[in-house]
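The sequence lines fix the lettering, A, B, ..., with proteins before strands; numbering per chain opens at 1.
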2 protein chains.
Amino acid sequence: MERIMMAHGSGGRLSHELIRTLFQKHLGNPYLNQMNDATVLPEGEQIGKQLAVTTDSFVVSPLFFRGGNIGKLAVCGTVNDLAVSGAIPQFLTLALILEEGFPLSELERIIMSIAESAAQAGVAIVCGDTKVVERGSADKIFINTTGIGSITNRQVGPEYIRPGDEILITGTIGDHGIAILSEREGLEFQTPVLSDCAPLNGLIGTFYQPGVKCMRDPTRGGVATTLNELAQQAGVSMLLEEVNLPLLPGVEGACDMLGLDPLYLANEGKALVIVRPDVAEEVLRTMQVHPLGRFASRIGRVQEGKPGLVLLETPLGGKRILGMLEGEHLPRIC
Amino acid sequence: MERIMMAHGSGGRLSHELIRTLFQKHLGNPYLNQMNDATVLPEGEQIGKQLAVTTDSFVVSPLFFRGGNIGKLAVCGTVNDLAVSGAIPQFLTLALILEEGFPLSELERIIMSIAESAAQAGVAIVCGDTKVVERGSADKIFINTTGIGSITNRQVGPEYIRPGDEILITGTIGDHGIAILSEREGLEFQTPVLSDCAPLNGLIGTFYQPGVKCMRDPTRGGVATTLNELAQQAGVSMLLEEVNLPLLPGVEGACDMLGLDPLYLANEGKALVIVRPDVAEEVLRTMQVHPLGRFASRIGRVQEGKPGLVLLETPLGGKRILGMLEGEHLPRIC
């Protein structure tokens with residue numbers, strides 16, 4: 001089996017061979033094929049007047065898991081950060097750090113998955129970089145994707161959140177966290193849980209309208225941490241209703257068994273969406289029509305109260321404070 | 001001494017603390033401080049009609065070396081890729097992969113160096129990401145920077161190169177390679193060699209004019225590999241004159257002693273500049289006025305001949321083929 005050698009990162013002949021036989025083969029497009037130090041993007045109307053940019057490195061372990069792999073995750077994670085910011089994702093950069101000895105066959109599977117996810121999300125990989133470090137100096141492969149998108153009609157952000165707004169989520173929570181955990185620990189549940197890893201820009205395009213005030217994807221730290229961030233940034237309080245949290249039976253069972261709280265588990269294909277109350281019903285119904293929004297649910301509301309406070313209402317009517325994630329729940333989840 | 005813990009990468013409370021006490025403290029600006037999933041860049045005239053984008057990960061070892069460190073390198077490397085593409089560097093993203101146990105004091109030194117280099121280059125760090133992996137799963141710190149610049153008047157690229165053009169370099173070659181090597185191996189030379197790591201956009205701004213046809217920074221693989229790439233892309237042949245290659249005495253001595261060829265050593269603050277013969281003298285003189293261009297030199301010319309062939313004329317008048325770097329010369333040089 002062919003493996004990555006230090007010389008694949010030298011900038012010399014083997015680097016060029018890797019680019020040609022792997023990256024250009026699967027990811028090639030007129031931007032990437034410029035093969036200069038920087039890629040020149042199209043001019044004028046093909047790109048918006050205002051841009052959004054985001055960056056993420058991916059260190060997930062294991063690399064391959066039910067429902068995805070590090071490549072798919074690297075595309076979806078960055079696409080989703082743009083989409084929830086009200087941008088249309090357009091361009092991604094791709095930077096790999098490879099461990100000497102990493103099998104080329106696994107690299108090719110990851111690159112093919114990147115190509116597939118990028119096509120699904122409608123984004124082009126416009127430039128890249130590959131570094132190789134000695135065996136033991138990195139764990140197999142780390143991926144950075146940076147995304148650029150166009151903002152067409154920006155009016156989302158925590159600054160628009162007001163008491164009375166409704167909190168929606170586009171689907172079940174905790175799937176990615178449980179999928180990774182079960183893969184890592186070799187756990188088998190009665191109902192296997194797949195990662196929800198998916199590009200959300202298609203779904204968001206269907207329901208994005210005036211009255212949608214803020215969106216965010218609850219990845220690391222989960223729904224609880226993300227809502228804490230938003231409540232702090234907006235200076236509002238939030239109340240979640242536990243009974244309305246959409247949970248797959250497999251996730252619920254795994255959380256019960258392992259003593260995990262799904263509100264702190266990572267999601268990689270879900271968005272929290274905060275909307276004006278008068279459009280909540282319409283936005284929710286529109287979400288539910290899309291395959292990625294089938295289990296969308298209204299899970300709480302924004303209210304007056306201590307700025308930054310997030311409360312959870314239990315099925316019996318009690319309330320408890322939902323803080324930010326403390327410590328490290330599940331390392332290397334993305 | 002305080003150290004990075006896994007929880008610094010959790011997305012939870014410690015992640016937020018790190019962002020506030022380190023990243024916002026040293027790098028804060030209105031873009032970075034948006035603290036959303038993606039950063040919205042300014043509208044309209046502050047950004048060019050056409051954009052250039054580039055990405056690079058940095059895995060240099062050791063992290064600190066004479067003349068720079070991984071942070072300075074990460075800013076300069078990406079700024080330079082934009083500058084040699086004829087773009088004005090404007091925005092950088094910053095993504096860190098940290099090894100558990102990495103000293104916070106070293107991280108702060110690196111971040112401060114990033115802040116200083118970004119200020120020098122006139123670019124803003126607009127968004128970031130931090131991941132932490134377990135001890136032994138990465139070597140201390142890896143940094144990705146992705147850069148966005150505006151193209152104002154693009155007319156550079158290998159497609160403009162023609163036989164008869166002159167090949168200039170903005171200064172001495174091989175400094176960075178020898179600086180890293182001597183640090184790594186604990187070598188002491190009579191004249192210590194500093195890395196040339198520097199942002200080139202200021203220098204390039206002084207001499208960039210019609211007749212400047214192509215620029216590229218000869219990093220990994222050195223001058224020889226970069227000229228091979230350009231000769232292939234342009235479908236031309238090139239002739240270098242060994243006698244005109246600017247070399248610091250320390251680099252020359254180290255290369256003699258270690259049997260290294262400076263033409264394959266990495267540079268991190270130099271540009272190869274290919275110009276129309278009638279402007280060569282003026283461009284060269286303009287370079288030499290700038291502190292980063294003091295040792296600029298005319299080192300060869302483009303000629304008819306086998307496409308992709310790069311020849312070196314030795315001081316005695318002999319010629320030998322200069323190929324691309326084969327194998328790995330110096331791993332983890334950037």
Side-chain angles (χ1 to χ4, degrees), chain A residues 6-7 9-13 35-41 43-44 47 49-57 59 81-82 84-85 87 91 93-95 97 126-129 131 133-134 137-139 142 144 146 148-149 151 154 157 216-217 219-221 225 233 324-329 331-332, chain B residues 6-7 9-13 16 35-41 43-44 47 49-57 59 81-82 84-85 87 91 93 95 97 126-129 131 133-134 137-139 142 144 146 148-149 151 154 157 216-217 219-221 225 233 324-329 331-332:
Chain A
M6 291 304 292
S10 67
R13 196 180 51 79
M35 293 295 294
N36 289 328
D37 279 328
T39 297
V40 178
L41 300 181
E43 206 169 349
I47 197 161
K49 284 201 327 203
Q50 196 166 18
L51 298 178
V53 59
T54 185
T55 190
D56 251 311
S57 292
V59 299
D81 279 344
L82 290 171
V84 296
S85 303
F91 308 108
T93 67
L94 176 67
I97 297 173
V126 295
C127 57
D129 177 58
K131 295 290 190 303
V133 297
E134 314 86 327
S137 290
D139 187 13
F142 300 144
N144 177 279
T146 298
I148 300 175
I151 287 181
R154 177 175 165 76
R216 198 163 282 185
D217 56 334
T219 56
R220 279 187 290 180
T225 302
Q233 289 184 294
M324 269 199 186
L325 176 63
E326 291 282 336
E328 177 58 87
H329 207 188
R332 297 182 61 185
Chain B
M6 291 304 292
S10 67
R13 196 179 52 78
H16 286 77
M35 293 295 294
N36 290 328
D37 280 327
T39 297
V40 178
L41 299 181
E43 206 168 350
I47 197 160
K49 284 201 327 204
Q50 197 166 19
L51 298 177
V53 60
T54 185
T55 190
D56 250 312
S57 293
V59 299
D81 279 344
L82 290 171
V84 296
S85 303
F91 308 109
T93 67
I97 296 173
V126 294
C127 57
D129 178 56
K131 295 291 190 303
V133 298
E134 314 86 329
S137 290
D139 188 12
F142 300 145
N144 177 279
T146 298
I148 301 175
I151 287 181
R154 176 175 165 75
R216 199 163 283 185
D217 55 336
T219 56
R220 279 187 290 181
T225 302
Q233 289 184 294
M324 269 200 186
L325 176 64
E326 291 282 336
E328 177 58 88
H329 206 189
R332 297 181 62 184

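- Among B:L82, B:T225, B:V133, the residue with the largest count of heavy-atom pairs under 4.5 Å with chain A is B:V133.
- Between B:F91 and A:V53, the closest side-chain pair of non-hydrogen atoms is not below 4.5 Å.
- When each of B:D139, B:L325, B:T54, B:D81 is scored by its heavy-atom pairs under 4.5 Å with chain A, the top score falls to B:D81.
- Between chain A and the residues B:S137, B:G11, B:A138, the largest count of heavy-atom pairs under 4.5 Å involves B:S137.
- Both the backbone and the side chain of A:S57 have a heavy atom closer than 4.5 Å to some heavy atom of chain B.
- If you take CD on B:Q233 and CE on A:M35, they are separated by 6.5 Å, rounding to the nearest 0.5 Å.
- For the pair A:L94 and B:T55, the minimum side-chain heavy-atom distance is 4.5 Å or more.
- Considering OG1 of B:T146 and CG of A:N144, their distance stands at 5.0 Å, rounded to 0.5 Å.
- A salt bridge between A:K131 and B:D56 is present, with a side-chain N of the basic residue lying under 4.0 Å from a carboxylate O of the acidic one.
- For the options B:G221, B:C127, B:A87, heavy-atom pairs under 4.5 Å to chain A are most numerous at B:C127.
- Paired with A:L51 under the rule side-chain contact (heavy atoms from CB on, under 4.5 Å), one option of B:L51, B:V40, B:V126 passes, and it is B:L51.
- Looking at A:V84, the atoms closer than 4.5 Å to chain B (heavy atoms on both sides) all sit in the side chain, from C-beta outward.
- Ranked by heavy-atom pairs under 4.5 Å with chain B, the first of A:A7, A:G12, A:G128, A:S10 is A:S10.
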